[in-house]
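Beneath this line is the structure, given in structure tokens, with notes to follow.
Per chain, numbering begins at 1; letters A, B, ... match sequence-line order. Small disclaimer: the values here were computed from a predicted structure and weren't measured.
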Number of protein chains: 2
Amino acid sequence: MQRVTIAQVAERAGVSTATVSRVLSGRGQFSAAVERKVRRAADDLGYQVNVIARSLRNSRTDTVGMVVPSITNPFFTSLVESVEHALGKEGKELFLCDARSDPRIEARRLASLAARNVDGIIVSPSHGVDSRPAVQQTAEQLPLVQLDRFVDGTTTDWVGVDDVAAMRQVMDHLHDGGARSAAYIGSLMTHSSTEQRFAGFRRRAEELNIEVKPHEVLLGDYSVEWGEEAVARLIAEGGLPDALVCADDLIALGATRACRAHGFSVPRQVQVTGYDDIEFSRLAEPALTTVHQPRDRIAAEAVRLLAAASLAKDAERGPHAHIALVPTLVVRDSTRAAPAPQHRI
Amino acid sequence: MQRVTIAQVAERAGVSTATVSRVLSGRGQFSAAVERKVRRAADDLGYQVNVIARSLRNSRTDTVGMVVPSITNPFFTSLVESVEHALGKEGKELFLCDARSDPRIEARRLASLAARNVDGIIVSPSHGVDSRPAVQQTAEQLPLVQLDRFVDGTTTDWVGVDDVAAMRQVMDHLHDGGARSAAYIGSLMTHSSTEQRFAGFRRRAEELNIEVKPHEVLLGDYSVEWGEEAVARLIAEGGLPDALVCADDLIALGATRACRAHGFSVPRQVQVTGYDDIEFSRLAEPALTTVHQPRDRIAAEAVRLLAAASLAKDAERGPHAHIALVPTLVVRDSTRAAPAPQHRI
DNA sequence: AGTTCAACTGTAATCGATTGCGTAAAGGTG
DNA sequence: CACCTTTACGCAATCGATTACAGTTGAACT
């Protein structure tokens, strides 16, 4: 397997390995006659470069590592897809790692990627605090950009969305729909995303005079189950507010389900919003109003930053970029469009 | 980056690089004193092996490539997750590639993985026919196992489920629920999975005397949109049968949606079944009756086969294994449990 | 004709870890 | 004490491609 080497091609073509390398990589100069012989020999033998050997020599692997908290979360899945496509255009390959939302596993993955000499790493950190040592240390070794989430106290590039701006849109929309009280169903505050979103939620709620119903924040994880549980808890503890603002679509889907299971109509009695615009938010009953993240843009920016960082090398690691793209609100059926509470099918 | 080499450790410890290698890999023999010095030096310097260099020498990369038709299909996503976990236990890493359901892209990906000297490849082929040359050729170079789908005329290991047995369960269940006619909504027959499922569907339908409604098979792709379109077409062409048997959950979700949009009640008027048991099949309205694939088992078997194949080397590439696991039917609300058509909420 | 220079091509070092072979010292045996 | 094993470790080759450097050739120029 992987048997034919450059030396064999060289022998068959009657030239040196250096020449073969030059012809095949197009660097340096060579006569047309030699080029023909070499290409002929390479084709005959079915030569393919040994990427490993080349990497060792060039200390470049044309490989990027990506670490996400969970591959099964559709949001990350589509982010992975976008990154994969963006990398494809650059002729790079993707090493995918699932950290299973565990900073320790994440740390191992990061170390392992670094040991594999990837050209760069894209990571969506599992934890806003505990992920820090590994992320920071890895970032000191090679180009690293954080995606979506950000670890406090790290100095790396970051690409994500402006959560505060997004929440402003969400709250304005809910307010238009008549909401005068709202609850935020988030995940643990240890994710920068939920924290930012909550901050945006709270600020705009205050400005719009929307009552934040349970004062204590609801903390769980990014899952359907947690959405269901949170709603059950709210109902048990005194009823639902006019609106449920969820930190992501999975939670929102669970929340919607629980509302209906408990006999509350969505959006007539309770409005529900999600975040991410995963594919299934469109298919839910009712279709979910949510915040659409420009995933392709995010991925493209991340790849671009990595490429830039690779060029700059350790030379002048300039100031790090924090790119916040503005997401768009996607209004569907889980919220009320008009101020007058009107039911729509 | 990746600066400290084995030579530096050797110098600091006052030994040769050979000794450092032996100590760190635990192969060969060495005195306790030397071991201490070497470990000390390695720790002080923060030494990490250069996996690339090691791979070149060992011609092993501890890396497995996986190619799937689409990362965004939740079924493949969870398959990827399972494989990732199974590999983690073996200390191997996963190279993930998305073929975007295009055999040409798939071929490029396979070639690229082979060039990267992965230890093995797990592929779920995009096309039952067009994927053949690339799959076959790659399989001749290195261990390869096909997952879920199978390319006709290739000789490689395969792990998947017994589609025919699964369809038998589905049809029996639908028959119990009173279905006397049914349509199969599949994807293009160029996927072995849809073909097998259709075969199972047709055979059991015949045995149970269930009328196969439109004689021509409905062909599209594995997507929600296609499910919606197929139902629209059925309605336009003369109405719906008692049951819609879909080749996967995405199609089933789309079909269910379309049924309801056109005013047909599921499962009262039309029963719908899916295949794969993706997470959202549980969340749909009504929750989808579907076939659960034992993903972890599938992944584990695939990884096991690869490991075995790596050991065997080209030596005696014995007969190839075809492992068909038996999936289980998951009955939910999109079908009728009892013969008497009874509505349930 | 003698130089000069550009165009080609080959030699060999290099990337970093691994490992077969060789050897010196330590330990064992009769 | 001579001789044979082990044990412990270093030397140097090796994996395959790339590339700095040097050498060769022939054309162009003075």
Give a yes or no on whether a salt bridge exists between Arg40(A) and Asp44(A), defined as a side-chain N under 4.0 angstrom from a carboxylate O. yes

Indicate the ring-plane relationship of Phe150(B) and Trp158(B), choosing parallel, tilted or perpendicular according to the 30° and 60° boundaries. perpendicular

Determine the contact category for Val15(A): base if any of its heavy atoms lies under 4.0 Å from a base atom, sugar-phosphate if only primed atoms, P, OP1 or OP2 are that close, otherwise nothing. sugar-phosphate

Please report, rounded to the nearest Å, how far the P atom of dA17(C) is from the CG atom of Asp62(B). 16 Å

Specify the separation, in whole Å, of atom CD of Gln48(B) and atom P of dA17(C). 11 Å

Can you find a side chain N or O atom of Arg27(A) that sits less than 4.0 Å from OP1 or OP2 on dT19(D)? yes

NA contact type, Val34(A), heavy-atom cut-off 4.0 Å: base, sugar-phosphate, or nothing? sugar-phosphate

For Ser31(B), which contact category applies under a 4.0 Å heavy-atom criterion: base, sugar-phosphate, or nothing? sugar-phosphate

Which part of the nucleic acid, if any, lies within reach of Arg57(B) when heavy atoms closer than 4.0 Å are counted: base, sugar-phosphate only, or nothing? base

Could you check which of dA17(D), dG10(D), dG10(C) has an atom nearest any side-chain atom of Arg54(A)? dA17(D)

Looking at Glu93(B) and Arg109(A), is any side-chain nitrogen of the basic one under 4.0 Å from a carboxylate oxygen of the acidic one? yes

Nearest heavy atom decides the nucleotide; on that basis, is Ala33(B) or Ser21(A) closer to the 5' end of DNA chain D? Ala33(B)

Does a side-chain N or O of Thr5(A) approach OP1 or OP2 of dG16(D) to a distance below 4.0 Å, or not? no

How many Å lie between NZ on Lys37(A) and P on dC8(C), as a whole number? 14 Å

In terms of side-chain heavy atoms of Gln29(A), which of dC8(C), dG16(D), dA12(D) is nearest? dC8(C)

It should be established whether Tyr47(A) places a side-chain nitrogen or oxygen under 4.0 Å from OP1 or OP2 of nucleotide dG16(D). no

Could you check how far CD1 of Ile6(A) sits from P of dT19(D), rounded to whole Å? 11 Å

For the residue pair His191(B) and Tyr222(B), categorise the inter-ring angle as parallel (less than 30°), tilted (30 to 60°) or perpendicular (more than 60°). parallel

For Ala32(B) and Asn58(B), take the nucleotide of DNA chain D holding the closest heavy atom to each; which residue's nucleotide lies nearer the 5' end? Ala32(B)

Euclidean distance, atom CG of residue Asn117(A) to atom P of dG16(C) [Å, nearest integer]: 9 Å

To the nearest Å, how far apart are Phe30(B) CZ and dT19(C) C1'? 15 Å

Any side-chain N or O of Thr19(A) below 4.0 angstrom from OP1/OP2 of dG10(C)? yes

Checking salt bridge (Lys or Arg N to Asp or Glu O under 4.0 Å) for the pair Asp130(B)/Arg132(B): CA distance, chi angles, key distance, verdict? CA-CA 5 Å; Asp130(B) 298 351; Arg132(B) 183 172 165 189; over 6 Å; no

If you take all heavy atoms of Val161(B) and Ile298(B), which pair is closest and at what distance? CG1-CD1, 4.0 Å

Interatomic distance where CZ belongs to Arg116(A) and P belongs to dA17(C) [whole Å]: 15 Å

Counting heavy atoms from C-beta on, name the nucleotide in dT18(D), dA12(D), dA17(C) closest to the side chain of Ala53(B). dA17(C)

Does Arg22(A) get its side chain close enough to the base of dG10(C), under 3.5 Å, for a donor-acceptor pair? yes

Interatomic distance where CG belongs to Leu56(A) and P belongs to dT14(D) [whole Å]: 17 Å

